[in-house]
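Convention: sequence-line order gives letters A, B, ...; per-chain numbering from 1. Side chains included, hydrogens not; waters and symmetry mates left out as well; all remaining heavy atoms used.
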There are 2 protein chains.
Amino acid sequence: MRPDETRAKILAATDHLFGELGFDATTTRDIASRSGVNKALIHYHFGSKEELLGELLDDYYRRLTIALVGAMARSALLEDQAADVADAYGEFLAENRTFCSIVQREVASGRHVERLVSRTLPSFRAAAEWLARLAPGAPGDLELAQVLTSVYGMIVTYFTYGRVLEALTGQDPFCPAALDARKRHIRRVVALLIREMVAAPASGGGESPCPRSTPGTPRKRRGS
Amino acid sequence: MRPDETRAKILAATDHLFGELGFDATTTRDIASRSGVNKALIHYHFGSKEELLGELLDDYYRRLTIALVGAMARSALLEDQAADVADAYGEFLAENRTFCSIVQREVASGRHVERLVSRTLPSFRAAAEWLARLAPGAPGDLELAQVLTSVYGMIVTYFTYGRVLEALTGQDPFCPAALDARKRHIRRVVALLIREMVAAPASGGGESPCPRSTPGTPRKRRGS
DNA sequence: GATTGGTTTAGGCGATCGCCCAATCCAGGT
DNA sequence: ACCTGGATTGGGCGATCGCCTAAACCAATC
């Protein structure tokens, strides 16, 4: 077997297992048996379990960035761009449900936040400039950071809570019709928010609450 | 030391550690050393690590329900009730940040979904009836399940992604001023959504996508 | 003061973890 | 035919996991 084939098989198994069980509950032996390779090969190719997760996340963020940038270029109208990017995000999560679980878990643990931030910061800055251009004088309670957080939350929560929603509504939230309904809903809310931001009078913006609390000590995973 | 004191100390330590490290990465020895009790006492009082998490979650949901019901009764106006409940949810999460992390992780793993659903279902049904009364003919893309999911996502995402937001914005998202700003934003969006739902023409509702996919097999934790 | 029953303790069992090692395999260059 | 170096293998090391056991502790009861 070619070396990159081995790597790909390990990554695929890792993706599935980390998504289902989580990093901590998945053993390297699980990954080895699921991918059909010797367990020593995992450390040979990736160094450690931690670095394996790192490569997996890097791969996801690379593809996500491509998808979002592509969606951004789809329309020339600023109003449509927002909904297009939101759509693309939702579609990416729908096609990569494990990614959603993995990120959610890592964020909850405060681990890999640096990676997530470094990958997200450019998009965040771009979206900020973009929104500032669209609605230069949005009021404080429709500040761009607030709106971005809300829209992001609307998108990801649907997927992270998919199983809960299924139990609550009795319907499969990931079937094409349900995904389409969700997409329409998000487009509607995004349009609503943008309309409101643009129409709102330029109030005194945000009064800049407090500086950051802790000096940003990254939490370490146990045993490293 | 009185037995219930011991239990309380164990639960407090468990809460902190599960919130910071997660269930899997926390050992019963960690809990014992942090709470200052013998490690065998954990199993004496709670049976197993799993049941310990169960009692912790039960306690949280009990208090959360009280908080939400209380908020519901604060105003007689339907429009205000929605924002009040959203406020109460946000305040509860602000005061119980570990709860947010724990739930997020469990949901991502598909574990304890039954518990979460059984605790959430009454509130969900109540909110559904309530919203149906408020906006009997909301259009499909403002369906109550969609709106509920979105508002819920807006609230919880702010807390689960707190550390990310801090790195992105350079400000402490949990200081009083920031929490208040977030609260005002959410109130605004909730008001916006309700206004839109009420004003919208009664379209053909949801066309009921698909039945549930899997017959609801709960994922089991490893080694149980 | 002996007894009782709930509570606490130190110690350890079996299983499993991530990771490492020496040996082996094998395709490509000489 | 020989050599070389990356890829692969089985085996195992030290550490740590959740949980259990037998003994000790201790206030309340008679």
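Here the side chain of B:Asn38 is nearest to one of C:dC19, D:dA7, C:dA10, namely C:dA10. The B:Leu41 side chain lies nearest to C:dT9 when the options are D:dT9, D:dC19, C:dT9. Of the candidate nucleotides C:dG12, D:dA7, C:dC17, C:dC17 has the atom nearest to the side chain of A:Thr27. Comparing C:dC19, D:dG18, D:dT8 by their nearest atom to the side chain of A:Ser48 picks out C:dC19.
DNA chain C is contacted by both A:Ala40 and A:Thr28; A:Thr28 maps to the nucleotide lying nearer its 5′ end (nearest heavy atom per residue).
Ion pair A:Glu91/A:Lys183 flagged as a salt bridge, since at least one NZ, NE, NH1 or NH2 atom sits closer than 4.0 Å to an Asp/Glu carboxylate oxygen. Remark: A:Arg62 engages A:Asp59 in a salt bridge, criterion side-chain N to carboxylate O under 4.0 Å.
A donor atom on one side chain and an acceptor atom on the other are not found under 3.5 Å apart for A:Tyr161 and A:Gln104.
Taking atom OH on A:Tyr44 and atom C1' on C:dG18, their separation rounds to 19 Å, with Å as the unit. Spacing between atom CG of A:Asp4 and atom P of D:dG6 amounts to 16 Å, rounded to whole angstrom units. Atoms NE2 (B:His43) and P (D:dC20) sit 7 Å apart, rounded to a whole Å. To the nearest angstrom, C1' of C:dT7 lies 13 Å from CD of B:Glu5. To the nearest angstrom, P of D:dA7 lies 16 Å from CD1 of A:Ile42. The distance from atom CZ of A:Phe46 to atom P of D:dT8 is 11 Å, rounded to the nearest whole Å. As rounded to whole Å, 15 Å separates atom P of C:dT16 from atom NZ of A:Lys49. Atom CZ in A:Phe23 sits roughly 13 Å away from atom P in C:dC17 (whole-Å rounding).
In this structure, A:His45 does not reach the D:dG6 phosphate: none of its side-chain N or O atoms is under 4.0 Å from OP1 or OP2.
Considering only residues two or more places apart in sequence or on other chains, A:Asp15 meets the side-chain hydrogen bond (donor to acceptor under 3.5 Å, both in side chains) condition with A:Tyr60, A:Thr98.
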Contacts under 3.5 angstrom, residues 174-182 of chain B side chains, donor-acceptor by atom type, not counting sequence neighbours:
residue  : atom : partner  : partner atom : Å
B:Asp180 : OD2  : B:Arg184 : NH1          : 3.2
B:Arg182 : NH1  : A:Gln146 : O            : 3.1
B:Arg182 : NH1  : A:Gln146 : OE1          : 2.8
B:Arg182 : NH1  : A:Ser150 : OG           : 3.4
B:Arg182 : NH2  : A:Ser150 : OG           : 3.0
B:Arg182 : NH2  : B:Met154 : O            : 2.9

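Taking 3.5 Å as the limit, the base of D:dG10 and the side chain of A:Lys39 contain no donor-acceptor pair of atoms between them.
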